[in-house]
Amino acid sequence: MPELPEVEVIKQSLDKKIKFQKINKVLVRNRNLRFKVPKNFEFFLKNKKINKILRKSKYLIFHLNNNSFLIIHLGMSGTIHLVSKKNCYKNTNASFYGSSNLPIKHSHILIFLKKHQIIYNDPRRFGFVKILKNKKNLEFFFRNLGPEPFNNKFKIIYLYNYLSGKKKNIKSFLLDQKFVSGIGNIYANEILFYCKINPFKQAKNITKMEIGKIKYFSKFILNKAIKKGGSSIKNFKNAKGNKGNYQNEFKVYDRENLNCLKKDCYGKIKKKIVSKRSTFFCNRCQN
DNA sequence: AAGAGGCCCTGATAGC
DNA sequence: TGCTATCAGGGCCTCT
């Protein structure tokens, strides 16, 4: 589900409330996420304090008080819920239940704080959690991640060198986290629309001018989406349960056969599959 | 090296 | 109504 903007929105909605709170207890109800939740996960987190919440591309990072880190990736369908003790899941010998606005299924990990409960819910279980014991491990873990569009390293010459000579289409490069991190299928489509680049165009044929546009609009779109609270297709909500609004701003994503929204363009939005992902583009102004 | 394709999993929706 | 097929905000792994 969540691309960089959604993860950033979750991060912001978590940050103030749980900063400096101590983890009293952790309950793992299903260890079978993308990677198995390790046996010592609960024990390791117990009594640690959350100093800060960070985000790197699509990863949430809880900075703990002994300079270790809890990493969360939400995969396709993961969500984080932050609820008060009053409304949280209760676990008795006889049963497990939560207040009416909490999901009935797929709440795999619960983190009990003094006043709150953090819930990791993920129907498809493509997400995962990981403990990294120090900064070195953290750096190693992210060693293959390319720069975010917000990063200074994401500059013309970097993009130009990376793309030059590559036969693959530009869309799949925007989805390649080694090239640029944080962009997923929705925003890749939207960015290429703003750039007026056909998603099938081979990377080696992207002009310097187009590279400038990719650099500019990647940042522009992600920023805009963050300001709108992310995109709520399916049931994305921030940790407090509020929906985002960027889905109302989509120019191409999920708009198959609708009219192009560019002024004076009378094209239609087409849908085609590019490297197993739905790809939306205007057949007139993106070619 | 670079690129293509399979796979992990559940749920919503479309079509019969 | 109930079945089956297809598709979803991702990314790792293997094979050529």
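Proteins come first, then strands; the chains are lettered A, B, ... in the order of their sequence lines, and each starts at number 1. For the numbers below, each heavy atom of this structure counts, side chains included, while hydrogens, waters and symmetry mates do not.
- Phosphate contact (OP1/OP2 of B:dA2, side-chain N/O of A:Lys166, threshold under 4.0 Å): present.
- The side chain of A:Lys105 lies closest to B:dG11, out of B:dG3, C:dG10, B:dG11.
- Dashed line: the shortest gap from a side-chain N or O of A:Lys178 to OP1 or OP2 of C:dG11 is not under 4.0 Å.
- Across B:dG11, B:dG3, C:dC7, the shortest atom-to-atom separation from the side chain of A:Lys271 is found for C:dC7.
- One can place CG of A:Asn30 at 9 Å from P of B:dT10, the figure rounded to the nearest angstrom.
- Distance A:Leu174 CG to C:dG10 P: 12 Å, rounded to the nearest Å.
- In this structure, A:Arg125 reaches the B:dT10 phosphate: one of its side-chain N or O atoms is under 4.0 Å from OP1 or OP2.
- Atom name P, nucleotides B:dG6 and C:dT6: the rounded distance is 14 Å, in whole Å.
- Spacing between atom CD1 of A:Ile233 and atom P of B:dG11 amounts to 17 Å, rounded to whole angstrom units.
- Once the 5.5 Å centre distance and the 30° plane angle are applied, the aromatic ring of A:Phe126 is found stacked with the base of B:dC8.
- The pairing partner recorded for B:dG15 is C:dC3, the criterion being a Watson-Crick or G-U wobble arrangement whose two distances lie under 3.5 angstrom.
- The P atoms of C:dC7 and B:dG5 are separated by 15 Å, rounded to the nearest whole Å.
- Both tests hold for A:Lys196 against A:Phe193: distance to the six-membered ring centre under 6.0 Å, angle to the ring axis within 45°.
- Per the geometry, CZ belonging to A:Phe142 stands 14 Å off C1' belonging to C:dG11, to the nearest Å.
- Projected onto DNA chain B by closest heavy-atom contact, A:Arg34 and A:Lys234 fall at different nucleotides, the more 5' of which corresponds to A:Arg34.
- For A:Leu175 and C:dA8, the CG to C1' distance is 14 Å, given to the nearest whole Å.
- Nearer the 5' end of DNA chain C, as judged by each residue's closest nucleotide, is the contact made by A:Lys276, out of A:Lys276 and A:Gln177.
- Atom NZ of A:Lys219 has 12 or fewer neighbouring heavy atoms from other residues, nucleotides or ligands inside a 6.0 Å radius.
- For A:Arg124 and C:dA8, a side-chain-to-base donor-acceptor distance below 3.5 Å is present, hydrogens and geometry of angles not being considered.
- A straight line from CD of A:Glu256 to P of C:dC7 spans 11 Å, rounded to a whole angstrom.
- Within a 6.0 Å radius of CG in A:Asn40, other residues, nucleotides and ligands contribute more than 12 heavy atoms.
- Taking only side-chain atoms of A:Lys167, from C-beta outward, the nucleotide of C:dC7, B:dG3, C:dG11 with the closest atom is B:dG3.
- A straight line from CG of A:Asn185 to P of C:dG11 spans 11 Å, rounded to a whole angstrom.
- Side-chain N or O atoms of A:Gln286 include one that pairs as donor or acceptor with a backbone N or O of A:Ile197 at under 3.5 Å.
- Taking side-chain N and O atoms only, A:His106 has no distance below 4.0 Å to OP1 or OP2 of B:dC9.
- No contact: A:Tyr187 has no heavy atom under 4.0 Å from any strand.
- Environment of NZ in A:Lys243: sparse, with no more than 12 heavy atoms of neighbouring residues, nucleotides or ligands closer than 6.0 Å.
- Below 30°, between 30° and 60°, or above 60°: for A:Phe250 and A:Tyr246 the angle between ring planes is above 60°, a perpendicular geometry.
- One can place CG of A:Asn144 at 13 Å from P of B:dA1, the figure rounded to the nearest angstrom.
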